[in-house]
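Okay, structure first, notes after.
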Amino acid sequence: MLRCLPKVPDFIIPFQSLALPTFHISSVSHCLHKHIELNSPCPTDLSDYIVLLQQCTNRKSLWDLRRTHLHMHKSGFPHLSLGNKLIQSYLKCGSIEDASNLFDEMPQRHIVTWNSMISAYVCHGLSGEAIGLFERMCLENVFADEFTFSIVFKAFSDMGLVHGGRKAHGLLVVLGVEVSDAFVGSGLVDMYAKFGRLRDARLVCDRVVEKDVVLLTALIVGCTQHGENGEALEVFRGMIVEGIKANDFTFSSILIACGVLGDRSGMQIHGLMVKFGYDYVVACRTSLVTMYSKCGSIDDSLKVFERCPGANLVTWTALITGLVQNGREESSLLMFKQMVGKSLSPNAFTLSSVLRACSVLAMYEQGQQIHCIVFKTGLHGERYVGAALIDMYGKCGSIGMARLVFDSLDKRGVVLINSMINSYAQSGYGEGAVELFDHMRKSGIEPNDATFLSVLSACSNAGLVEEGCRIFSSLQRNSKLDPSTDHYACVVDLLGRAGRLEEAENLIKQVEEPDVVLWRTLLSACRIHGKVEMARRVMTRVLELDQGNEGAHVLLSNIFASAGEWSEVSNMKIAMKDMKLKKSPGMSWIKVDREVHTFMAGDPSHPSATEINEELERLREKIESLGYVPDVRFVLQDLNEEEKKRSLYYHSEKIAIAFGLLSNKHNNTCIRIFKNLRVCGDCHNWIKYVSKVSEREIIARDAKRFHHFTDGMCSCGDHW
DNA sequence: CTAGGGTTAG
C-alpha cells in the first residue's frame, strides 16, 4: 500500500521562516526572568537537547520542559526538528495543551506524532477531540496505520458514534490495514460489543489469527454487558482450552457473568483464580464479593472481604451493596460507618446503596444524615443519587422533601421522573403523579415500562379510574412497549376497587397467561365490595395456579367473615392449618429516641402498657364526642358486638400511635408509624379523628403505601 | 518513539 508521506526526516524548517507562535511566549514568558540553570550548560546541538528532554520527561517536570523548549526557541535552534520528541515529552508530563499547540505549528508531522496525539486525547477522555484529529488526518491524506486504528475505535465507542465507527472500520479495510492484528481487533471487538452488536464483535474476533487474552476479554465483557452470560462463560472456557492464560482483567470480568448466572460456576472460577494466583488482586476480589452476593451467599462475600487487606472504595461499595441486596440493611449501614471511619469518601454508588438501605428500613433520620453526606461530597447533582434520595424520602413518607430534591436536579432523565412518580404513587398523590406523567410526555421524554407501572399504581392508589384507563390504553397503543402482567394487575386493581369487577375480570381474560397475582388482586376487590359468589369463582382460579397461596386464603376467609358466613370461615381456618399456612400477625412499630418499639394487637408486654391504655381511653372520649363510631365490619372473628368493639380497640396501629403521642407530648413533630400489613378501615377512620383532636400530623406506612393524616383527613382520600 | 480489555448503582 502506498503511503502518501515519505519517511519524515527529523529536522526541518529553519526557525526564522516560521511565524512566531503566540503560544510559546505567553505560556512560558514567566520563565524568562527566572535565571535557573539548565542541567546542561548552554546546549547547542541536537544530542544535548535530546538528553535534556529525556531528563525533563524522566522527572515529569513540565516546568523544566517548557524552559528547555524556550531555550531552544531563543537560541535559534530549529526546535521543530525535535517536534515529535517534544510532543512525546509534553504528553508524558501531562500537558495535552502544550503538545497540541506545538502539533499545530508543525508543518509536517510523522504518523507517530498523529497517533500519539490521538491516543493522548482518548486517554484523557477527550474522545471528541480524538475523532476530530482522526478526521483531519484523513483530510490531509495521512494514512492511518494499525496503531491509529487500535486506539481510535475506543473514541467512537466513547462518543456513541455507531455510524462513524463503522465508517472507520471501512476505511481500515480500504487502507489494507491488517484486521487480523490483535490490537486492532480488540479495539473493534470492544467497540462493537459496547454498541450491542455482539455478532459483529464475534465476526471480528474470529478473523484475528493469533488471539490473545485482551481480545477475548473484550469479547467476554461485551457478552456480559448485554446479558449473554452463558456465552461469556463459553468464550472463557474456549480460551482456557486453547491455552491462552486468563489474567486479572479476565477474572474480574467473567465473575460478573457467574454472579448473574447464580450457579456454581462462580466457585469454579474462584478456584481457578486462586490457582492462577490472581485472587489477591483487589479488582478480582471486588468481583468475587459481588459474585457471591449475587448468588445469595452474602456470608461468602463477607469472608472474601475480611481477607482483603487492600480493599478500596469499590470493594467496600460492592460489599455494602451486596448486604442491601441480601436484606441485611442494618449491617450495610454499619459497614458504611466503618468505611467512613477509614476515611474513605463514598461515591455515588456507595451513597445510592446506603440510601436504599434507609428507604427499606424507612429510617428517616439516617436518610437525612446521608443526604448531608451527599452534599458534603458534592454528589447532589448525580442522577442515581438523586433517584435514591427521592426514593428514600418517598418511602419515609416525606413527599415534600422528595419533590424538593427532584426540583433541585436539572437533568431530568426518565429514571428520576420514575422515582418521583413512584413516590407520589406510594403516598397516594395520584394527581401529582398523573400531572408529572403528562408533563413528561409534553416535554418529549419517552416513558418506559417502569414509568407506566408507577403512574398506573398511582391511579389505582388514588382511585383515579378514568385517568388510569386513559393511560393504560395509551400504553396498549404504544408500539415500543408491551403491557406486562404487572401493568394489568394495576388496572385490575383500579377497576376492582372502583367496583367495576366484571370489567376487571374481562381484562384478566385478555392476558395470555394470567398469573396468580392478577386473580388475587381481583379477589381483594371482591373483599372490598363483598362479592362472595364472585370470590368463590376467583378462588378456584387462584388455587389452579398456586395451591398454597397464603394471602388468597386470608382474603377469602375475610370475605366470608364480613359476610357473616362463620362456618365457611372456620372451614377455611382448618384448611389453612392442614396446609400449614399461617396468617402473619399484624404488627406496628414506631421509633422514639433512637429506639424502635414494636406492638402486636392486644399485646400487654410493653413497659408503658398502663399509660398507653389511659391514653387510648382519653383519645376514645375525645373522638367519640366528634362522632367516631367503631366499625365492627372489620372484625373478622365471630364475637358479640361488645367483644368486637374491644378487639378493634387494641389493634397494633392504635397502640403505636397512642404511645407516640405519649412519648413526645411536648413537641409537635409528626408521628410516623409503620405496619407490616395493611391498615384496617376502622383504624384508618380512627387515625383521621386522632389527627384532628391531637392536632398532629400522622404518617402511617402500611405494607403497600403511605397515609398522611392531617386535621381529620387522609392523603389517600379513603382509597386504598 | 505511537496501540487494545476489568471491578461498585436504579
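We use all heavy atoms of the structure for the numbers below, so side chains are in, but hydrogens, waters and symmetry mates are not. Quick note on labels: first sequence line is chain A, next is B, and so on, each numbered from 1.
- To the nearest 0.5 angstrom, M335(A) atom CE is 12.5 Å from T321(A) atom OG1.
- The distance from atom CE of M137(A) to atom P of dT2(B) is 16 Å, rounded to the nearest whole Å.
- Of the possible donor and acceptor atoms, none in the side chain of N422(A) sits under 3.5 Å from a partner among the backbone N and O of N418(A).
- Taking a cutoff of 4.0 Å between a charged side-chain nitrogen and a carboxylate oxygen, R202(A) and E231(A) qualify as a salt bridge.
- No contact: N418(A) has no heavy atom under 4.0 Å from any strand.
- Using a 4.0 Å heavy-atom cutoff across all strands shown, A388(A) reaches no nucleic acid atom at all.
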For nucleotides 7-9 of chain B, give me every protein contact, N/O to N/O, under 3.5 Å, one pair per line with atom names.
| from | atom 1 | to | atom 2 | distance (Å) |
| --- | --- | --- | --- | --- |
| dT7(B) | O2 | T286(A) | OG1 | 3.4 |

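- Remark: P of dC1(B) and CG of L102(A) are 20 Å apart, rounded to the nearest angstrom.
- Atom NZ in K154(A) sits roughly 11 Å away from atom C1' in dG6(B) (whole-Å rounding).
- The OH atom of Y90(A) sits 18 Å away from the C1' atom of dC1(B) (whole-angstrom rounding).
- Distance E146(A) CD to dA3(B) P: 13 Å, rounded to the nearest Å.
- If you check distances only, the side chain of D181(A) never reaches the base of dG4(B) with a donor-acceptor pair under 3.5 Å.
- Counting non-hydrogen atoms under 4.0 angstrom, S419(A) reaches nothing in the nucleic acid.
- The residue D212(A) sits close to a base: some heavy atom pair falls under 4.0 Å.
- Regarding contacts with the backbone of dG6(B), a side-chain N or O of K194(A) is found under 4.0 angstrom from either OP1 or OP2.
- Whole-Å rounding puts the D145(A) CG to dC1(B) P distance at 14 Å.
- Side-chain atoms of Q88(A) and S116(A) include a donor-acceptor pair closer than 3.5 Å.
- The CD1-C1' distance, from I118(A) to dG4(B), rounds to 15 Å in whole Å.
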- CA sep, side-chain torsions, deciding dist, call: N101(A), E97(A), side-chain hydrogen bond (donor to acceptor under 3.5 Å, both in side chains): CA-CA 6 Å; N101(A) 285 327; E97(A) 223 188 316; 4.7 Å; no

Less than 3.5 Å apart, which donor and acceptor atoms pair up between the side chains of residues 281-291 of chain A and the rest of the protein, not counting sequence neighbours?
| from | atom 1 | to | atom 2 | distance (Å) |
| --- | --- | --- | --- | --- |
| R285(A) | NE | D279(A) | O | 2.5 |
| R285(A) | NH1 | V304(A) | O | 3.0 |
| R285(A) | NH1 | R307(A) | O | 2.5 |
| T286(A) | OG1 | V282(A) | O | 2.8 |
| T286(A) | OG1 | T315(A) | OG1 | 3.0 |
| S287(A) | OG | S252(A) | O | 2.9 |
| S287(A) | OG | A283(A) | O | 3.4 |
| T290(A) | OG1 | T286(A) | O | 3.2 |

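- Between the CG atom of L172(A) and the C1' atom of dG4(B) there is a distance of 13 Å, given to the nearest Å.
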Show me, pair by pair, the donor-acceptor contacts under 3.5 angstrom made by side chains of residues 182-192 of chain A, not counting sequence neighbours?
| from | atom 1 | to | atom 2 | distance (Å) |
| --- | --- | --- | --- | --- |
| S186(A) | OG | A182(A) | O | 3.0 |
| S186(A) | OG | F183(A) | O | 3.1 |
| D190(A) | OD1 | K194(A) | NZ | 2.8 |
| D190(A) | OD2 | K194(A) | NZ | 3.2 |
| Y192(A) | OH | H169(A) | ND1 | 2.8 |

